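Note sheet for the following structure.
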There are 2 protein chains.
Amino acid sequence: MKIRSLTGLYYFHIAATHLSFKEAANYLSVTQAAISQQVRGLEDRLGTKLFIRSHRQISLTRDGQLLHSHTTAAFTSLEEGVSQLKTDSDPYTLKVSVLPSFASLWLVPRLGSFNKQHPEISVLLLPDNTLTDFKTQDIDICVRYGIGRYDDVQTVPLMGDYLYAACHPSYQKEQSIEQVSDLKGCLLLEDARPDMNWDYWLKQLGKESTSYPSALKYEGSNLVVEGAIASQGIALVRHSLAAKFVRSGALVKLFEQQVASDFIYCLAAPERHFEREKVKLFCEWIQKEVKQFQKNYT
Amino acid sequence: MKIRSLTGLYYFHIAATHLSFKEAANYLSVTQAAISQQVRGLEDRLGTKLFIRSHRQISLTRDGQLLHSHTTAAFTSLEEGVSQLKTDSDPYTLKVSVLPSFASLWLVPRLGSFNKQHPEISVLLLPDNTLTDFKTQDIDICVRYGIGRYDDVQTVPLMGDYLYAACHPSYQKEQSIEQVSDLKGCLLLEDARPDMNWDYWLKQLGKESTSYPSALKYEGSNLVVEGAIASQGIALVRHSLAAKFVRSGALVKLFEQQVASDFIYCLAAPERHFEREKVKLFCEWIQKEVKQFQKNYT
DNA sequence: TTCACGCTTAAGAATATCTTATGTTAATGG
DNA sequence: CCATTAACATAAGATATTCTTAAGCGTGAA
């Protein structure tokens with residue numbers, strides 16, 4: 001026999017357990033009207049009243065009680081089934097897929113603190129430029145740099161970023177760079193990412209880009225930053241990756257001008273991964289670290 | 001814990017039981033693409049593959065098997081719960097709510113045959129002009145005359161109907177009525193229903209209605225028919241109700257002109273009532289009777 | 001080597017669901 | 001008493017999901 005109005009049954013179940021439409025609505029993060037409508041729909045379909053609506057409280061009719069005992073068994077069973085799949089083969093190893101640049105320039109320097117807080121969890125950092133397929137790869141969570149919304153995974157936004165020009169202090173002195181137009185004579189270093197090239201950056205600032213020399217492209221922002229540190233030229237860097245070098249003096253931020261990136265850093269994983277204890281801990285930790293970073297490098 | 005993608009779980013369950021998306025789709029009366037998408041959605045959400053897709057057949061993964069055992073328990077329980085509400089307090093009494101006119105002129109004369117076929121079922125005919133509220137009234141099924149689609153009940157269409165003018169043969173002779181314009185001198189009988197008055201009828205035929213005398217209204221089409229039989233005047237009748245009188249000679253259909261009604265007769269009841277044996281039998285019987293009627297009175 | 005069959009995918013259409021805003025009712029307190 | 005409040009109901013329109021359509025893909029059989 002086909003089952004119809006599944007949601008109706010589920011909403012009924014939650015309402016019956018709470019004996020309140022309001023609380024059910026709250027629990028399910030919908031409005032109370034939604035519950036009311038679903039329950040009414042179910043009652044219509046079954047041709048029977050399930051709740052007795054009295055003043056400011058509801059109670060179950062005979063039919064409602066009968067049905068509730070079954071829905072309880074049913075949905076408990078479903079929950080169990082789903083949560084069984086959540087079992088994690090290795091709860092003490094956290095496998096994180098990260099962009100190589102973010103890994104080496106941001107995450108690695110900070111990971112010590114995570115280990116100090118949670119010594120029982122060993123972290124396996126997997127630098128990877130491609131998108132993670134959680135169905136085939138055994139990854140707990142990944143850090144992406146993108147638009148922040150994807151179809152098949154849940155995401156947690158971490159921070160935005162912005163782009164600016166930076167180089168080694170000595171290089172700046174050598175070439176006596178003071179304003180954007182001074183870039184013309186220099187070797188420009190850039191990432192191969194489409195959103196991180198000089199063309200884009202200059203255009204965002206309203207400058208004509210074609211008058212600038214072609215740049216040297218690296219696959220990976222960390223290489224760009226390292227190139228700049230090695231006085232190769234002027235790098236277009238992400239604040240998140242370059243900040244600490246600017247602070248230490250290994251790099252100088254060349255102009256006031258900077259461009260906010262369209263992309264943000266975020267954590268991404270299938271919904272159920274976020275229920276793993278180790279993943280929860282990692283999320284909390286990295287969010288704190290992000291706040292710290294933003295506070296320290298504004 | 002909140003359960004998400006309930007439909008996904010259900011579709012998975014059906015697919016897993018049939019071990020075929022196609023059959024599952026068939027069973028659920030949706031396309032196979034819908035199953036594919038729901039299952040994929042569930043797999044994405046859980047972050048695990050549930051089926052192994054091989055050529056022209058699917059099989060369950062370990063996770064799939066695990067989940068399926070739970071969904072089986074769950075959905076069986078739901079089905080039970082729902083079907084328990086379907087219990088009928090008195091399976092041998094069929095309570096039918098019908099329009100008084102249809103009851104007396106169409107249904108009652110035929111009911112003997114139902115009783116002959118199913119002597120164990122006693123029929124309780126409840127003539128009622130108002131809409132039936134199945135939640136408060138203890139009715140198995142009702143016969144309505146309307147548009148054939150309602151929000152809160154399932155309907156089974158029986159037949160359309162059409163309207164024509166009829167009167168007693170002697171009245172026709174007396175007033176020597178031969179064409180529609182001859183109506184002008186006569187007493188017109190009509191139903192109080194908005195769709196069954198002379199105005200509407202004449203307009204449908206493209207005649208000017210205002211030039212005809214005001215009519216005598218009765219609450220209930222049977223009264224209209226009976227008025228005509230009693231030679232009171234000319235009745236606007238529904239074929240379904242007048243046919244047998246026309247056949248027997250108690251009434252004459254006055255002109256060739258007739259107007260198809262916007263409404264149809266249909267059976268209506270909450271979905272679950274249709275699963276009661278007595279209701280099923282009644283549906284079958286009345287559908288046969290309708291066919292018979294249409295065949296005999298064309 | 002092509003056909004046929006079952007699953008997948010993408011895009012837009014169809015439908016269901018949700019929110020917003022308002023109404024109803026009955027207990028509560030001034 | 002009347003105003004207020006809390007919980008549920010309802011209508012209409014916005015939103016989101018779900019479905020269908022139409023194409024594609026891969027494989028085993030003819």
Side-chain angles (χ1 to χ4, degrees), chain A residues 2-45 48-61 64 131 133 135-136 149-154 271, chain B residues 2-45 48-61 64 131 133 135-136 149-154 271:
Chain A
K2 248 184 288 187
I3 301 179
R4 311 260 215 111
S5 47
L6 260 182
T7 8
L9 283 162
Y10 188 50
Y11 281 22
F12 157 78
H13 170 66
I14 302 297
T17 351
H18 289 76
L19 281 176
S20 151
F21 284 16
K22 199 192 181 189
E23 281 182 44
N26 191 43
Y27 176 80
L28 293 165
S29 345
V30 293
T31 56
Q32 176 267 351
I35 308 287
S36 179
Q37 285 164 173
Q38 286 287 341
V39 171
R40 173 156 49 95
L42 183 63
E43 288 180 327
D44 281 350
R45 176 151 306 203
T48 189
K49 279 230 148 38
L50 297 169
F51 288 106
I52 300 162
R53 278 86 163 166
S54 3
H55 176 63
R56 291 203 201 179
Q57 75 169 8
I58 53 175
S59 53
L60 286 164
T61 62
L131 292 187
D133 178 2
K135 270 177 271 177
T136 56
R149 288 192 112 246
Y150 303 92
D151 270 358
D152 52 349
V153 291
Q154 200 176 61
E271 203 176 7
Chain B
K2 249 185 289 188
I3 301 179
R4 311 261 215 111
S5 46
L6 260 182
T7 359
L9 282 163
Y10 188 50
Y11 281 22
F12 158 77
H13 170 66
I14 301 296
T17 353
H18 289 77
L19 281 176
S20 152
F21 284 16
K22 200 192 181 187
E23 281 182 45
N26 191 44
Y27 176 80
L28 294 165
S29 344
V30 293
T31 54
Q32 179 263 12
I35 308 287
S36 178
Q37 285 164 174
Q38 286 288 342
V39 171
R40 174 156 50 94
L42 183 63
E43 289 179 327
D44 282 349
R45 182 163 303 245
T48 187
K49 278 229 149 34
L50 297 168
F51 288 107
I52 300 162
R53 278 88 161 163
S54 3
H55 177 62
R56 292 202 199 180
Q57 76 170 7
I58 52 174
S59 51
L60 288 164
T61 61
L131 291 188
D133 178 2
K135 268 177 271 179
T136 57
R149 288 191 114 245
Y150 303 92
D151 269 357
D152 52 349
V153 292
Q154 199 177 61
E271 205 176 4

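Residue numbers start from 1 in every chain, and the chains themselves are labelled A, B, ... in the order their sequence lines are given, proteins ahead of strands. What you see is a predicted model; the values in this text were computed from it and never measured.
- No donor-acceptor distance shorter than 3.5 angstrom exists from the side chain of B/S5 to the backbone of B/L42, with no hydrogens or angles considered.
- Between A/Y11 and A/F21, the ring centre distance reaches or exceeds 6.0 Å.
- A heavy-atom distance below 4.5 Å is found between the side chains of B/T48 and B/L50.
- Here A/S54 lies out of heavy-atom contact (under 4.0 Å) with every strand.
- Taken from OH in A/Y27 to OG1 in A/T17, the straight-line distance is 8.0 Å, to the nearest 0.5 Å.
- With A/H13 contributing its side chain and A/L9 its backbone, the two residues share no donor-acceptor pair below 3.5 Å.
- Partners of A/K22 according to the side-chain contact (heavy atoms from CB on, under 4.5 Å) rule, which considers only residues two or more places apart in sequence or in another chain, are A/S20.
- Side-chain contact between A/I52 and A/L60 is absent, with no heavy-atom pair separated by less than 4.5 Å.
- Taken residue by residue, residues 33-40 of chain B places heavy atoms nearer than 4.0 Å to DNA chain D at B/A33, B/A34, B/Q37, B/Q38.
- A/F12 has its side chain out of reach of A/Q38: every pair of non-hydrogen atoms, C-beta onward, lies at least 4.5 Å apart.
- The CD1 atom of A/I58 lies 11.0 Å from the NE2 atom of A/H18; values are rounded to the nearest 0.5 Å.
- Counting only residues at least two apart or in different chains, salt bridge (Lys or Arg N to Asp or Glu O under 4.0 Å) contacts with residues 30-45 of chain B comprise A/K135-B/D44, A/E271-B/R45, B/E43-B/R53.
- Nucleotides of DNA chain C lying under 4.0 Å from heavy atoms of chain A occupy a range whose first and last members, 5' to 3', are C/dT17 to C/dA27.
- For B/K2 against A/S29, the heavy-atom pair with the smallest separation is NZ-OG, 2.7 Å.
- When the side-chain nitrogen and oxygen atoms of B/Y11 are compared with OP1 and OP2 of D/dT17, none of them lie within a distance under 4.0 Å.
- Within residues 16-28 of chain B, the residues that place at least one heavy atom under 4.0 Å from DNA chain C are, in residue-number order, B/S20, B/F21, B/K22.
- Taking all atoms of both residues into account, the shortest heavy-atom contact from B/I35 to B/A15 is CG2-CB, 4.2 Å.
- A distance of 12.0 Å separates CD in A/Q32 from CD in A/E23, rounded to the nearest 0.5 Å.
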Scan nucleotides 27-30 of chain D against the protein and return all N/O pairs shorter than 3.5 Å with their distances rounded to 0.1 Å.
residue, atom, partner, partner atom, Å
D/dT27, O4', B/H55, ND1, 3.2
D/dT27, O2, B/H55, NE2, 3.2
D/dG28, O4', B/H55, NE2, 3.4

